[in-house]
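Below is one structure; the comments refer to it alone.
Proteins come first, then strands; the chains are lettered A, B, ... in the order of their sequence lines, and each starts at number 1.
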2 protein chains.
Amino acid sequence: MRETDRQEIRHLPLFRGMDSNNFDRLMRGAYVQNFPPQVDLLREGDPSDFLHVLINGSAELFANWNGRETTMSVARPVSTFILAATIQDAPWLMSGRTLEKSRIVLLPSEDVRAVFAEDNVFARAVVSELAQCYRGVLKDAKNLKLRTSVERLANYLLRWQAEHGGGPTFQLGLEKRRLAARLGMTPENLSRSIRALQDHGVQINGTQVEITDHAKLETLAVPTPLIDDPRC
Amino acid sequence: MRETDRQEIRHLPLFRGMDSNNFDRLMRGAYVQNFPPQVDLLREGDPSDFLHVLINGSAELFANWNGRETTMSVARPVSTFILAATIQDAPWLMSGRTLEKSRIVLLPSEDVRAVFAEDNVFARAVVSELAQCYRGVLKDAKNLKLRTSVERLANYLLRWQAEHGGGPTFQLGLEKRRLAARLGMTPENLSRSIRALQDHGVQINGTQVEITDHAKLETLAVPTPLIDDPRC
DNA sequence: TTTCCAATTTGACATTTATCAATTCGCCGG
DNA sequence: CCGGCGAATTGATAAATGTCAAATTGGAAA
């Protein structure tokens, strides 16, 4: 493993405060892989052998049922997935695949659990991470149950804008069909939602987004920290 | 607080293994309240002053946005809510109200956090609880995104049956309008879904459910542990 | 028991979302 | 520069879900 990878992981909230020996122990069993795009990383139902740490690139976490498929979330660097399964020694609830060329560190779940059992700082960091994950999915569920698809798109755009400097123009950052799945709609429906937002202060050309009337968009989106603020 | 309450709490997975002194410390600051039905317990957005432990009765956790409301989950005894907010010292993401006459123990969040900081066994129990909560909401989100409302109802019935002895007849255990909100549909839509299930091995009269053809219902519901098994 | 009130059900209809097929668009490789 | 191919868009239609109003039901209180 590169020293820079090691440093990036070390600085993650999850690993930041832990004992050096324990960190070393985790890193000893770890290995790094470079994946091309569209590679299957995990399959839901399989045992969670490794805690994945995404160093760069991006990965999609999705789920299937009865011939249908939906995207649950998109992982961006630097972050881990899926911690809950690793800690509980439970099967994955989601499948995963790379979207772009991605660099991923694999930490054997057994090592993670062993260190978790011994290192109290790490155990508490795991709590923070899980609490945040929990609140994240909960917000997602609220988003799904309380909003229509156009409203979800509108809020997604506002949030994405805020996370990318807040300027009026930015990139969509995701293929449209995957964004559609992420937002819980079909690609056709996303196309129509995009057109519907033209009357509400948004222009989207290809992957380029322009918020032409922020106030107007907010009037439609009605964002609230209790759904849309990732730090809340 | 009654000694029996104390014992019930002590036997919860969250508190089972912790140091007695720390448990005592939690209990010293705790107080018990008996609430009538339909009492507001928490309001989303408020600071999470107390960890709630439901001793008996039942409570609904719900969320509002833009004039709409939906039920996120229904708490049954003996269980805690909402741990993540308490640990993170973050605002509640859901509101709560009693459904029945309920007995609830309130643990000051500050005490919980203080003990969490000191007691390593407790800290690890918190991890288990949070991991389970996380996986629970995640399954909920999969349920919402992958299934139609009739399919959600069918799977709800199968699960409820399994959790109540597995016999062919059982009680619904929830007002229909709340069940509707819990499953992400309107009461009218639930009524129609119930009728739709008559052709698939289910008879519902008032609050009485009878599974007349389990195999047929499963053919429609297609349950999977990765969504429907609460212990998975 | 009777009355009353709220929950539920039903019907008619509107809206939202999905599906399917047919273009169109945009990009990559030759 | 030109094909070719997958993604995206569009149109037509169907299915799912929500809304509103009007019965109907069932249970609690007088």
Side-chain angles (χ1 to χ4, degrees), chain A residues 36-38 60 64-71 97 99-101 143-156 171-200 202-209 220-221, chain B residues 36-38 60 64-71 97 99-101 143-156 171-200 202-209 220-221:
Chain A
Q38 309 303 332
E60 183 183 25
N64 292 92
W65 178 77
N66 208 20
R68 300 170 206 162
E69 175 172 320
T70 190
T71 300
R97 70 167 76 94
L99 291 177
E100 313 166 64
K101 202 158 86 65
N143 197 26
L144 283 168
K145 290 186 87 172
L146 290 167
R147 288 174 174 159
T148 66
S149 47
V150 179
E151 289 164 347
R152 292 198 295 275
L153 173 61
N155 280 290
Y156 176 89
Q171 295 301 115
L172 211 46
L174 203 56
E175 271 178 288
K176 283 183 181 168
R177 64 201 178 104
R178 298 191 199 278
L179 176 59
R182 174 72 185 79
L183 294 176
M185 59 179 109
T186 57
E188 293 95 329
N189 200 358
L190 175 60
S191 265
R192 291 175 185 121
S193 298
I194 286 173
R195 215 166 29 161
L197 286 187
Q198 287 182 359
D199 296 337
H200 298 271
V202 181
Q203 282 296 327
I204 301 186
N205 270 39
T207 142
Q208 171 91 3
V209 184
L220 175 76
Chain B
Q38 311 303 333
E60 181 184 28
N64 291 91
W65 178 78
N66 208 19
R68 299 169 206 163
E69 174 172 322
T70 190
T71 300
R97 69 168 77 94
L99 290 178
E100 312 166 65
K101 202 159 85 67
N143 197 27
L144 282 168
K145 291 186 86 171
L146 289 167
R147 288 174 172 160
T148 66
S149 48
V150 179
E151 289 164 346
R152 292 198 295 275
L153 173 60
N155 280 290
Y156 177 88
Q171 294 302 113
L172 212 47
L174 204 57
E175 273 178 288
K176 283 183 181 167
R177 66 204 176 103
R178 297 190 201 278
L179 176 58
R182 174 71 185 80
L183 294 176
M185 59 179 110
T186 58
E188 294 94 330
N189 199 358
L190 174 60
S191 264
R192 293 176 185 119
S193 297
I194 286 174
R195 215 167 29 162
L197 286 187
Q198 287 183 358
D199 297 338
H200 298 271
V202 181
Q203 283 296 327
I204 302 186
N205 269 40
T207 141
Q208 170 91 4
V209 184
L220 174 77

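Distance check: A:Lys145 NZ to B:Arg182 CZ gives 5.5 Å after rounding to the nearest 0.5 Å. Distance check, rounded to the nearest 0.5 Å: CG of A:Leu190 to CG of A:Leu153 gives 6.0 Å. Residue B:Ser193 holds its OG atom at 10.5 Å from CD of B:Glu151, rounded to the nearest 0.5 Å.
When rounded to the nearest whole Å, the span between CD of B:Gln38 and C1' of C:dA7 equals 13 Å. A:Arg147 has its CZ atom 18 Å from the C1' atom of C:dT17, to the nearest Å. Put simply, CD1 on B:Ile204 is 16 Å from C1' on D:dT25, counting in whole angstrom units. Going from atom CG of B:Asn205 over to atom C1' of D:dT24 covers 15 Å, rounded to whole Å. Going from atom CG of B:Leu183 over to atom C1' of D:dA16 covers 15 Å, rounded to whole Å. One interatomic measurement links the two molecules: NZ of B:Lys145 to C1' of D:dT17, which rounds to 18 Å at whole-angstrom precision. Distance, A:Leu146 CG to D:dT17 P: 17 Å, rounded to whole Å. One can place CG of B:Leu172 at 15 Å from C1' of D:dG26, the figure rounded to the nearest angstrom.
If you check every strand for non-hydrogen atoms under 4.0 Å, A:Thr186 touches a base. Residue B:Glu175 is in sugar-phosphate contact alone, with no base atom involved, counting any heavy-atom pair closer than 4.0 Å across all strands shown.
Checked by distance alone, B:Arg177 brings no side-chain donor or acceptor within 3.5 Å of a matching partner on the base of C:dT9.
Checking D:dT17, C:dT8, D:dG11 against the side-chain heavy atoms of A:Glu188 singles out D:dG11 as nearest. Distance from the side chain of B:Met185 is smallest to D:dG18 among C:dC20, D:dG18, C:dT9. Ranking C:dT10, D:dT9, D:dG18 by closeness to the B:Asn189 side chain, first place goes to D:dG18. Here the nucleotide nearest the side chain of B:Arg192, chosen from C:dG11, D:dT9, D:dT10, is C:dG11.
The shortest non-hydrogen separation linking A:Leu99 to A:Gln38 is O-NE2, 3.8 Å.
With a 4.5 Å cut-off on side-chain heavy atoms, B:Leu144 and B:Arg152 count as touching.
Proximity of A:Ser149 to the phosphate of C:dT17: a side-chain N or O atom is located under 4.0 Å from OP1 or OP2.
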